[in-house]
Structures are given as structure tokens and as C-alpha cells.
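In what follows, a single structure is set out as C-alpha cells and then discussed.
So you know, we letter chains A, B, ... as the sequences are listed, proteins then strands, and number each from 1. Just so it is clear, the structure is predicted and the values come from calculations on it, not from any experiment.
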Amino acid sequence: MTAVVTRFAPSPTGYLHIGGARTALFNWLYARGRGGKFLLRIEDTDRARSTPEASAAILKGMDWLGLDFDGEVISQFDRADRHAEVANELLSKGAAYKCFSTQDEIETFREAARAAGTSTHFQSPWRGADPSSYPDAPYVVRLKSATTGETVIHDEVQGDVRIKNENLDDMVLLRSDGTPVYMLAVVVDDHDMGVTHVIRGDDHLNNAARQIGIYSAMGWDLPVYAHIPLIHGPDGKKLSKRHGALGVEEYQAMGYCSAGMRNYLARLGWSHGDDEFFSDAQAKEWFGTDGIGKSPARFDFKKLENICGQHNAVTDDAALLHEIQLYRQSAGLPALNDVQSQRLKAALYCLKERAKTFPELLDKAHFALIEGPVDVEDKAAKHLDTVSRGILRTLTPQLQNVSWTRDELEAVLNRFAEENGMKFGKLAGPLRAALAGRAATPSVFDMMLVLGRDVSLDRLNQAASKGDS
RNA sequence: GCUCCGUUCGUCUAUCGGUUAGGACGCCAGGUUUUCAACCUGGAAAGACGAGUUCGAUUCUCGUACGGAGUACCA
């Protein structure tokens with residue numbers, strides 16, 4: 001059994017969008033789960049539209065998603081000579097021919113065909129022409145496609161797809177300037193790179209039939225094909241920049257965790273029974289083309305959030321802190337200072353199970369991140385009226401010398417509430433307002449523990465004396 | 001126009017001829033609670049439509065509708 005080799009082959013004409021990211025993920029999972037190789041090839045043969053910035057964005061996106069590839073990034077453009085070599089081989093074999101028709105002629109033909117309602121496939125008059133009749137003019141190299149019979153694509157997802165060869169035209173292999181066209185380049189590169197499994201969007205399904213023509217003309221083995229359905233926007237429409245088709249780095253900037261993104265994306269269009277929440281290791285073990293669905297899926301932010309929340313909850317504190325720092329960077333937020341980082345890390349145990357995204361987590365961590373005087377929000381201010389401040393004034397000295405543990409703090413505060421004839425909830429409001437300046441916070445005990453005795457008492461004293469001066 | 005692909009709760013999906021059509025997200029109700037969450041319990045919610053094959057179709061076949069892709073000297 002030959003080793004599995006998959007590849008992700010984006011064209012660098014923009015950011016790495018969510019559909020591309022999922023395609024990359026599927027290829028990565030497929031290879032990594034089978035001890036195979038996962039390669040990255042940038043399809044930059046379209047010089048006019050390819051940009052280095054886009055290549056960088058793709059690399060960055062894959063890095064964030066943790067999709068590591070084997071070997072170097074391959075530039076398709078760099079391999080133009082090899083593509084031309086294959087085209088020439090096809091030419092000498094008689095499997096391709098030079099076509100001198102101009103674009104104007106082709107366009108005229110197509111317009112006439114459209115008007116007549118007949119096939120718009122261009123039938124080059126040069127297909128069977130005698131070389132002695134060749135003019136001294138630029139030409140493209142076209143594949144001499146079969147005109148009868150059918151091409152069958154054995155697709156792992158779509159099943160056997162049959163296309164009549166009469167519906168395939170003689171596609172261009174080499175442009176008139178001698179540069180290769182995508183259809184040729186993919187086939188040559190996939191073959192040369194030893195790609196065994198081509199997992200890509202089903203917008204390439206029809207193309208596969210054409211590409212198979214090149215494989216058979218060259219006598220090359222076909223890869224296993226798996227054409228996966230596209231992802232649609234939340235409204236069911238095709239993804240566009242306006243809705244949903246954000247670059248993956250924007251998802252990072254929105255604060256979704258990478259593991260959750262992988263989990264969610266894997267689950268979009270692929271399933272393994274009823275499993276919804278799983279680790280990378282499980283995904284690698286389970287992933288296969290048999291679990292891939294045939295219909296397009298819509299992107300659902302709510303479910304993404306939920307999955308990310310579950311991953312946050314099981315991520316260890318150090319790793320989580322690190323990812324949060326990367327998030328702040330990508331979102332353009334200032335880095336946390338040492339005190340904030342330390343407090344945040346100490347607070348993660350009581351935050352990570354209740355935050356779906358990093359902005360949400362950071363918001364709940366507000367009490368730990370503020371330094372200096374606590375700013376009291378309006379909603380919390382009512383918990384610091386004269387009566388409440390009086391309570392805090394009485395309470396604070398009693399906390400001065402207790403041992404700063406959860407058990408001890410609970411005991412002291414509960415006793416205090418009881419002695420003063422109030423329910424604990426009555427006491428919690430002022431404490432929350434004093435410690436965090438907000439009405440909604442984590443547990444007061446968690447906050448006191450995370451902040452420590454000095455900072456906690458300091459904030460309590462500040463709140464108690466508020467409005468006194 | 002032509003060719004190809006798809007269609008199960010609002011969404012992601014399970015089901016490989018026989019199920020009260022299952023799960024998850026979301027939603028609704030209740031519970032728990034120290035606020036907000038989280039969490040627990042319960043609930044509403046689906047086979048596009050029409051034929052055919054079959055003892056029996058969500059499942060197989062065909063048609064219709066709707067959606068998508070391809071049809072470039074783009075990728």
C-alpha cells in the first residue's frame with residue numbers, strides 16, 4: 001500500500017477563506033490520520049491576480065489553524081518550464097495540437113453558437129490540420145480530447161460521475177505566450193508531487209473530467225478524487241465577502257479558539273456518527289471520505305461558539321493564556337502586562353468554562369485585569385449605597401487576619417451575613433461592586449482568591465469610603 | 001442554453017428497505033444559584049413535490065421544483 005499524499009492548493013488571490021480552510025483541514029486530517037504527507041502548493045500561475053500578500057495571508061491562516069504541511073511551499077509558477085515540457089510531450093505524441101485561432105474568432109464562434117442554441121464548445125479548425133499549413137503566428141496548445149465515449153470520475157464523495165466526452169472541449173494547455181494554464185499545471189504538479197488523494201471543492205468536479213484526459217494522454221495513474229460540497233453563508237447563499245466569507249484571520253480576531261474552529265469546520269460537511277465535540281487526535285483517527293456529506297452546509301456562528309466554549313473549558317491554563325495573548329495581538333488590542341497576565345492565568349480556572357470566545361472571557365476577567373482604583377459602573381453603583389458601604393466598613397476589618405482560603409472566606413462571610421440578619425446574596429452585591437465595579441462578575445470567592453488579600457481589602461476599603469470625602 | 005451535482009427539525013447531521021426518524025447547536029419552559037453565565041431536567045421542531053419498484057420506502061428508479069457548480073488563452 002502506497003503512502004497517502006494529499007495537498008492543499010489555494011490560489012493567492014485573497015485571504016484564506018473559510019471554505020478553503022476546511023478543504024485544507026480535510027486534506028490535513030486525511031493525511032495525518034494515515035501517516036501520510038500533507039503538501040502545500042500555491043497556484044500562482046495567474047500572475048495578474050496573484051499577490052505575495054495573499055500567499056502570506058494563507059500561510060498565516062494555516063498557521064493559526066495549526067495545519068502544518070510537509071516540505072517547502074511549492075510555487076506552481078516556478079514549475080512553468082516543466083508544465084511546458086509536458087505540453088510539448090503531448091504535442092509530439094499527437095495528443096495535443098497547435099491552434100492558431102484568434103480570440104476574436106473564438107468569440108465570434110461562441111456568439112453564433114449561443115444564438116443558434118448549439119454547443120458553445122469551440123471546435124478548432126486546426127485540430128486535424130497539416131503542420132505545413134501552419135501560419136507564422138502565435139498559437140495555443142490544445143488537448144486533443146476524445147470526442148466519443150464517456151469519462152467516468154470515480155469520486156469518493158459523489159460516486160461515479162459520468163460525463164460524455166462530446167461535452168468536453170479541447171481545452172487550452174499552453175497560452176499563446178507559452179505559459180501553462182491551470183488545468184495542465186494541476187495535473188502535472190499533482191503527478192510530480194506524488195499526490196495520491198485529491199480532496200477539493202466540488203466546483204472542480206466538472207474539471208476533473210478534463211484533467212483525467214491529461215492523465216490518460218500521459219499514461220499517468222489517476223489520484224483518488226473526493227469532491228466536497230461548498231460552504232454557504234448563513235442565508236444559504238453562496239459565500240461572498242458580504243456575509244460569512246471572512247478570512248480565517250478574522251475568526252481569530254473575533255476570538256474563536258483554533259481547536260474549536262478545527263472541530264467545527266471538520267463537523268461541517270463531515271460526520272462520525274453522533275460525535276460533535278472531539279479532539280484533533282480523534283478527528284485524525286476518525287476522518288475519512290466516507291463520512292463526508294454530499295450537500296452544501298451553512299456556516300453557523302452559534303454552533304461555532306458553542307464548540308469553542310467546550311474547547312476553552314478543557315484547554316490547560318498555560319496554553320489558553322498563550323492563545324489569548326495571540327488573540328489580543330490579532331485583534332489589535334494592547335498586550336497584557338505581567339500583573340494582568342499572572343492574574344488572568346490564576347483566574348482561568350473559573351472563567352474558561354463559561355466563555356465561548358476570548359472577548360467574552362476577557363470581559364469576565366475584567367476584575368482581574370483592572371489596576372488601580374476600581375471604576376464602578378452604574379448598574380453596580382446601587383450596591384454601594386450608604387447602607388452597603390456601612391456593611392463593607394464593618395466587614396473589611398474582619399477579613400484582615402483570616403487565612404485567605406476559600407473555606408475560611410466562605411465561613412467568615414456566611415457568618416457575617418447571618419450575624420447581620422441578611423442573606424448572603426445581599427452581601428454579594430456590594431462585594432461584587434467593590435471588587436469589580438460591576439454587577440455581574442464571577443463568584444466573589446473566586447475574585448477574592450485570584451486578587452489576593454491585599455488587593456481585595458484595598459478595593460473593599462476604597463468602596464467603603466467612597467463618597468465620604 | 002447545455003453538462004454535472006445536491007435537497008431529513010431554523011442550522012449541522014445520523015439512518016446504509018422495516019426506527020415512536022436519533023444526536024448536537026439554537027429556541028421555549030422548569031430547576032439549581034451569589035449577580036451574569038455555566039450546569040441539570042423537560043418541550044416544540046424534519047424526510048421539497050409527484051409518480052414508480054416493493055409486502056413495506058427518508059432510504060432504490062424516474063420526473064418536477066428549487067439551489068449550486070462547470071461550460072475562459074481564471075484558478
Exercise. Whom does B:C73 pair with, Watson-Crick or G-U wobble, provided both distances fall under 3.5 Å?
Worked result: none
Exercise. Which base, if any, makes a Watson-Crick or G-U wobble pair with B:U32, both distances under 3.5 Å?
Worked result: none
For this session: Could you please name the partner base of B:C4, counting Watson-Crick and G-U wobble pairs only when both distances are under 3.5 Å?
Result: B:G68
Exercise. Hey, what do you get for CZ (A:F299) to CZ (A:R22), rounding to the nearest 0.5 Å?
Worked result: 10.5 Å
Problem set entry | Among A:D446, A:L435, A:L451, side-chain contact (heavy atoms from CB on, under 4.5 Å) partner for A:F367 | A:L451
Exercise. In whole Å, what is the span from the CZ atom of A:R162 to the P atom of B:C2?
Worked result: 22 Å
Seminar exercise, completed: For B:C9, the nucleotide meeting Watson-Crick or G-U wobble distances (both under 3.5 Å) is none
Exercise. If you find the nucleotide of RNA chain B closest to A:T441 and the one closest to A:R22, which residue's nucleotide is nearer the 5' end?
Worked result: A:R22
Seminar exercise, completed: Here the distance between atom P of B:G23 and atom NE2 of A:H272, to the nearest Å, is 19 Å
Exercise. When all nucleic acid strands are considered with a 4.0 Å heavy-atom cut-off, which category describes A:V161: base, sugar-phosphate, or nothing?
Worked result: sugar-phosphate
Problem set entry | Whole-Å C1' distance, B:A57 and B:G52 | 12 Å
For this session: Could you check A:R82, A:R7, A:R79 and say which one makes a side-chain contact (heavy atoms from CB on, under 4.5 Å) with A:D189?
Result: A:R79
For this session: For A:D300 and A:Y264, run side chain to side chain donor-acceptor pair (under 3.5 Å): C-alpha distance rounded to whole Å, both residues' side-chain angles, the deciding distance at 0.1 Å, then the answer.
Result: CA-CA 9 Å; A:D300 182 1; A:Y264 175 73; 5.5 Å; no
Exercise. Which part of the nucleic acid, if any, lies within reach of A:A297 when heavy atoms closer than 4.0 Å are counted: base, sugar-phosphate only, or nothing?
Worked result: sugar-phosphate
Exercise. For A:G293, which contact category applies under a 4.0 Å heavy-atom criterion: base, sugar-phosphate, or nothing?
Worked result: nothing
Exercise. Under a 3.5 Å cut-off for both distances, is B:G50 Watson-Crick or wobble paired, and to whom?
Worked result: B:C62
Exercise. What is the distance from atom CG of A:L449 to atom CG of A:L409, rounded to the nearest 0.5 Å?
Worked result: 6.0 Å
For this session: Tell me which nucleotide among B:C12, B:U34, B:U13 gets nearest to the side chain of A:S271.
Result: B:U13
Exercise. When rounded to the nearest Å, what value does the distance between C1' atoms of B:A37 and B:A21 take?
Worked result: 34 Å
Exercise. Per the atom types in the model, does the base of B:U34 pair as donor or acceptor with the side chain of A:R432 at under 3.5 Å?
Worked result: yes
Exercise. side-chain hydrogen bond (donor to acceptor under 3.5 Å, both in side chains) with A:D275: which residues, sequence neighbours excluded?
Worked result: A:H272
Seminar exercise, completed: Under a 4.0 Å heavy-atom criterion, the protein footprint on nucleotides 69-75 of chain B, written with B, S and -, is BSSSBBB
Exercise. For B:A38, which nucleotide is its Watson-Crick or G-U wobble mate, given both distances must be under 3.5 Å?
Worked result: none
Exercise. B:U20 and B:U58: how far apart are their C1' atoms, nearest whole angstrom?
Worked result: 16 Å
Problem set entry | A:F277 CZ: over 12 foreign heavy atoms closer than 6.0 Å | yes
For this session: Step by step, work out the side-chain contact (heavy atoms from CB on, under 4.5 Å) result for A:L230 and A:D202.
Result: CA-CA 7 Å; A:L230 272 17; A:D202 74 3; 3.8 Å; yes
For this session: Both distances under 3.5 Å, Watson-Crick or G-U wobble: report the partner of B:G26, or none.
Result: none
For this session: Quick one: label A:R267 by what it contacts on the DNA or RNA (base, sugar-phosphate, nothing), any heavy atom closer than 4.0 Å.
Result: base
Exercise. Looking at B:U35, B:A14, B:C4, which one has an atom nearest to any side-chain atom of A:I163?
Worked result: B:C4
Exercise. Tell me: OH of A:Y225 to P of B:C5, nearest whole Å?
Worked result: 16 Å
Exercise. Taking the C1' atom of each, how far is B:U15 from B:C36, in whole Å?
Worked result: 40 Å
Problem set entry | Rounded distance (Å) that lies between atom C1' of B:U13 and atom CG of A:N263 | 14 Å
For this session: Could you measure between the two C1' atoms, the one in B:A45 and the one in B:C27, and give it in whole Å?
Result: 10 Å
Problem set entry | Ring centre gap for A:F109 and A:F122 strictly below 6.0 Å | yes
Exercise. Mind checking the P distance from B:C74 to B:A65? Whole angstroms is fine.
Worked result: 35 Å
Exercise. Do A:L143 and A:I214 have side-chain heavy atoms sitting under 4.5 Å apart?
Worked result: yes
Exercise. Rounded to the nearest 0.5 Å, how far apart are OG of A:S124 and CG of A:D169?
Worked result: 11.0 Å
For this session: Return the value, rounded to whole Å, for the distance between atom CG of A:D275 and atom P of B:G22.
Result: 18 Å
For this session: Examine B:G6: is either OP1 or OP2 under 4.0 Å from a nitrogen or oxygen in the side chain of A:K294? Give yes or no.
Result: yes
Exercise. If we take the P atom in both B:C66 and B:C73, what is their distance in whole Å?
Worked result: 31 Å
For nucleotides 38-41 of chain B, give me every protein contact, N/O to N/O, under 3.5 Å, one pair per line with atom names.
residue: B:A38; atom: OP1; partner: A:K356; partner atom: NZ; Å: 3.1

Exercise. Nearest-Å distance, CG (A:D446) to P (B:U35)?
Worked result: 14 Å
For this session: Using a 4.0 Å heavy-atom cut-off across all strands, classify A:P229 as base, sugar-phosphate, or nothing.
Result: nothing
For this session: Sticking with atom C1', work out how far B:A24 lies from B:U34, rounded to a whole angstrom.
Result: 31 Å
Exercise. Hey, what do you get for CG (A:L25) to CZ (A:F8), rounding to the nearest 0.5 Å?
Worked result: 10.5 Å
Exercise. Expressed in angstrom and rounded to an integer, what is the separation of A:L361 atom CG from B:C36 atom C1'?
Worked result: 14 Å
For this session: Could you please name the partner base of B:C55, counting Watson-Crick and G-U wobble pairs only when both distances are under 3.5 Å?
Result: B:G18
For this session: Take the protein atom NZ of A:K423 and the nucleotide atom C1' of B:U33, then report the distance between them rounded to whole Å.
Result: 11 Å
